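First listed ligand is number 1; within each ligand, the first listed atom is number 1. Numbers here simply count residues along the sequence, with the first being 1. For clarity, every value in this text was computed on a predicted model and none was experimentally measured.
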Amino acid sequence: MRAVTWQGKRSVSVEEVPDPQIQEPTDAIIKVTTACICGSDLHLYEPLAPFMGAGDVLGHETMGVVQEVGGQTGDLRVGDRVVIPFQIACGHCWMCTRGLPTQCETTQVREHGNGAAIFGYSQLYGQVPGGQAEYLRVPQAQFTHIKVPEGPADDRFVYLSDVLPTAWQGVEYAHVPDEGTVVVLGLGPIGDMAARIAQHRGHRVIGVDLVADRLERSRARGIEVVDLSEHEKDLGDAIRDLTGGRGPDSVVDAVGLEAHGSPVATFAQKAAGLLPDALARPFFQHAAVDRMAALYAAIDIVRRGGTISLSGVYGGAADPMPMVTMFDKQIRMRMGQSNVKHWAPEILPLLVDADPLGVDDFATHRVPLEQAPEMYRKFAEKTDGVVKVQLKP
Ligand SMILES: NC(=O)c1ccc[n+]([C@@H]2O[C@H](COP(=O)([O-])OP(=O)(O)OC[C@H]3O[C@@H](n4cnc5c(N)ncnc54)[C@H](O)[C@@H]3O)[C@@H](O)[C@H]2O)c1
Ligand SMILES: [Zn+2]
Ligand SMILES: [Zn+2]
């Protein structure tokens, strides 16, 4: 089959790879109809490169049709239309039964001290071949799927794999009070969707980014926006001016470890990139390598006694945090990968009939698999208006 493969730092290519096969009775094979590119894939593109292998198949935002089942796959049937959550989870362990499939004890990648395995997401998450391909092998398929109705285009449902539950969890963990205000840092796919969800719930939402067409995309949906490029030095003051001097109740960080405006860590990430993988891996796991500008901004911006919710991915083991401010301001913080299956039942009703979150025209690009290398490049450079790319194998 054809698949998008990681080849090296900032290099992906579409290659011929072996068709996936059923290996366990709990496996299923799906024929992929849509696979999206995610901001998380960009971390593999550069900072997480030491944990990738040449030829690894990318992609964790997949939907399609069940082609084959292993037998112990519950009520999954050949021909079912399914969205595949980005994390692989069993559904029956202690963590899964408590709504935490990100921590699934059946698929945890213990070798790296990490939570549940993730499709197409480096050795750190199990090196499981991903879904930017014609076919995908789904382990733990009895639970690792969301059945969706026939009829509407894939656009309606494909974001259940990641964007929707991640943005949903981002807003849930932000604990925005009724009549409250939330600032969303970053208006890529995750921040854009988090802003839409918070707005749908009736909160006041202020979005922050520095890419003109992303700011415009949110503004067009009635969200207040602040252009970071005009407030590089005074973002906190600018937000306080908009929020009665006190700051917002909550902040969602939808940026993560590659934030704009962290020169020291940018240098550390580049330095790690110059090391051979065997040295870069421990460096990454023990040093302060995250670009923390967005997280520091969140700590500055949030009101005293407010909540910060991190959707953006962080990876360093020794990042310095301004404890005095966090403690004194009495900040609450929650974070993590999204527990996809936990949130899906709450989100699904918003995807039938009306389209309050605007998923139908959320994608900016729908292209054949073969165009993946060009799309990775444009998404990383934030050119050509690329926000969300759907690959059509
Ligand atoms: N928690 C999860 O389960 C989960 C799932 C998916 C994605 N993510 C993470 O969410 C983050 C966003 O993903 P995305 O797909 O939207 O990616 P993205 O890279 O397109 O979006 C990031 C946005 O942040 C903006 N930005 C950069 N620095 C900023 C700063 N200092 N202040 C404000 N904005 C800034 C960028 O211009 C960009 O628009 C990534 O870190 C991704 O890995 C987490
Ligand atoms: Zn994703
Ligand atoms: Zn489990």
Side-chain angles (χ1 to χ4, degrees), residues 35-45 47-48 58-62 85-98 100-108 115-121 130-131 140 142-144 159 161-170 173 183-194 207-215 217-218 226-229 231-232 235 251-262 290-298 301 309-315 335-341 343 379-380 382 386-389:
C36 302
I37 305 178
C38 177
S40 298
D41 293 325
L42 298 180
H43 308 323
L44 306 175
Y45 206 51
L48 295 182
L58 294 164
H60 59 265
E61 301 191 0
T62 318
F86 69 83
Q87 75 239 181
I88 300 166
C90 73
H92 54 69
C93 72
W94 196 94
M95 290 291 176
C96 282
T97 53
R98 281 157 182 82
L100 293 168
T102 50
Q103 315 301 325
C104 174
E105 289 174 342
T106 307
T107 74
Q108 273 180 20
I118 297 178
F119 289 102
Y121 215 71
Q140 302 296 333
Q142 74 286 352
F143 184 72
T144 309
Y159 308 116
S161 57
D162 184 340
V163 173
L164 282 165
T166 297
W168 193 271
Q169 177 172 296
Y173 284 6
V183 165
V184 178
L185 298 176
L187 295 170
I190 301 300
D192 180 344
M193 188 56 80
V208 180
D209 205 299
L210 61 159
V211 179
D213 48 78
R214 295 184 176 200
L215 290 163
R217 197 169 132 102
S218 289
V226 171
D227 186 346
L228 178 65
S229 61
H231 296 282
E232 294 272 4
L235 181 66
V251 178
V252 175
D253 170 352
V255 180
L257 81 163
E258 292 187 75
H260 165 84
S262 302
D290 288 322
R291 284 150 58 178
M292 308 273 282
L295 177 49
Y296 290 163
I301 289 167
S309 164
L310 305 186
S311 294
V313 166
Y314 288 90
M335 63 192 87
Q337 307 275 5
S338 174
N339 295 290
V340 175
K341 289 270 291 198
W343 305 114
F379 184 41
K382 302 183 178 62
V386 176
V387 179
K388 197 64 185 174
V389 178

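Which parts of ligand 1 touch Ala259 is read off a 4.0 Å heavy-atom cut-off, strictly below it: atoms 28 (N). Near Phe86, with a cut-off below 4.0 Å to any heavy atom, the atoms of ligand 1 are 3 (O). Interface of Val211 with ligand 1, defined as ligand atoms under 4.0 Å from a residue heavy atom, comprises 37 (O). Listed by number with element, the atoms of ligand 1 under 4.0 Å from a non-hydrogen atom of Val208 are 33 (C), 34 (N). Residue contact check: Phe379 has heavy atoms under 4.0 Å from atoms 20 (O) of ligand 1. Shown in contact with Asp162 at under 4.0 Å from a heavy atom are these atoms of ligand 1, numbered in order with element: 5 (C), 6 (C).
Using modelled atom types and a 3.5 Å distance limit, the side chains of Tyr296 and Asp253 yield no donor-acceptor pair. Checking Gln103 against Glu105 by side-chain atom types alone, no donor-acceptor pair falls below 3.5 Å. Defined by atom type and a distance below 3.5 Å, a donor-acceptor pair is present between the side-chain atoms of Glu232 and His260.
Heavy atoms only, all atoms of each residue included: Glu61 and Ile37 are closest at OE1-O, 4.5 Å. For Phe143 against Pro101, the heavy-atom pair with the smallest separation is CE2-CB, 4.2 Å. Arg291 and Tyr314 get closest at one heavy-atom pair: O-CE2, 4.2 Å. Closest non-hydrogen pair, Leu58 versus Gly120, comes out as CD2-O, 4.2 Å. Closest approach of Val226 to Leu215, counting heavy atoms only: O-CD2, 3.5 Å. Of all the heavy atoms in Gly261 and Ala293, the pair that sits closest is O-CB, 3.4 Å.
Between Leu228 and ligand 1, no N or O atom pair is found at a separation short of 3.5 Å. Considering backbone and side-chain N/O of Pro189, one or more are found under 3.5 Å from N/O of ligand 1. Considering backbone and side-chain atoms alike, Gln337 places an N or O below 3.5 Å from some N or O of ligand 1. Residue Gly39 places at least one N or O, backbone or side chain, under 3.5 Å from an N or O of ligand 1. Ligand 1 has a nitrogen or oxygen under 3.5 angstrom from a nitrogen or oxygen of Val313. Considering backbone and side-chain atoms alike, Gly336 places an N or O below 3.5 Å from some N or O of ligand 1. Where the criterion is an N or O separation shorter than 3.5 Å, residue side chain and backbone included, Glu258 fails it with respect to ligand 1.
In terms of protein heavy atoms, atom 21 (O) of ligand 1 is closest to Gly188 CA, 3.5 Å. Taking atom 13 (O) of ligand 1 as the reference point, the nearest protein heavy-atom neighbour is Ile190 CG1, 3.4 Å. Of all protein heavy atoms, the one closest to atom 3 (O) of ligand 1 is Ser338 N, 2.8 Å. Scanning the protein heavy atoms around atom 31 (N) of ligand 1, the nearest turns out to be His260 O, 3.2 Å. Of the protein's non-hydrogen atoms, the one nearest atom 20 (O) of ligand 1 is Arg214 NH1, 2.8 Å. The protein non-hydrogen atom at the shortest distance from atom 24 (O) of ligand 1 is Gly186 CA, 3.5 Å. The shortest contact between atom 7 (C) of ligand 1 and any protein heavy atom is with Ser40 OG, 3.2 Å. The protein heavy atom nearest to atom 9 (C) of ligand 1 is Ser311 O, 3.6 Å.
Contact annotation: Pro165 has no heavy atom less than 4.0 Å from any atom of ligand 1. The closest approach between a heavy atom of Ala254 and any atom of ligand 1 is below 4.0 Å. Distances from ligand 1 to the non-hydrogen atoms of Lys382 include at least one value under 4.0 Å.
Asp162 lies close to the Zn ion (ligand 2), since one of its N, O or S atoms is found at a distance under 2.8 Å. For a distance bound of 2.8 Å, the N, O or S atoms of Cys104 include one lying that close to the Zn ion (ligand 3).
Counting only distance, with no hydrogens or angles, the side chain of Tyr159 and the backbone of Met193 share no donor-acceptor pair below 3.5 Å. The backbone N or O of Leu210 lies less than 3.5 Å from no partner atom in the side chain of Ser229, so there is not a single donor-acceptor pair. Side-chain atoms of Asp290 never come within 3.5 Å of backbone atoms of Leu257 as a donor-acceptor pair (strictly under, hydrogens ignored).
The atom name of the N/O/S atom in Glu61 closest to the Zn ion (ligand 2) is OE2.
Ion pairing between Arg214 and Asp192 fails under the 4.0 Å rule for side-chain N and carboxylate O.
An angle of 110° is found at the Zn ion (ligand 3) between Cys93 atom SG and Cys90 atom SG, rounded to 10°. The Zn ion (ligand 2) forms the vertex of an angle spanning SG of Cys38 and NE2 of His60; to the nearest 10 degrees it equals 110°.
Counting heavy atoms only, Asp209 comes closest to atom 25 (C) of ligand 1 of the residues Leu215, Asp209, Asp253.
The CZ atom of Phe86 lies 9.5 Å from the OH atom of Tyr121; values are rounded to the nearest 0.5 Å.
Under the side chain to side chain contact (heavy atoms under 4.5 Å, CB included) test applied with Val251, the options Leu295, Val184, Val208, Ile301 reduce to a single match, Ile301.
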Could you check Phe119 against Thr144 for side-chain contact (heavy atoms from CB on, under 4.5 Å), going step by step and ending with a plain yes or no? CA-CA 11 Å; Phe119 289 102; Thr144 309; 4.1 Å; yes
Could you walk me through whether Leu187 and Arg217 pass side-chain contact (heavy atoms from CB on, under 4.5 Å), step by step? CA-CA 9 Å; Leu187 295 170; Arg217 197 169 132 102; over 6 Å; no
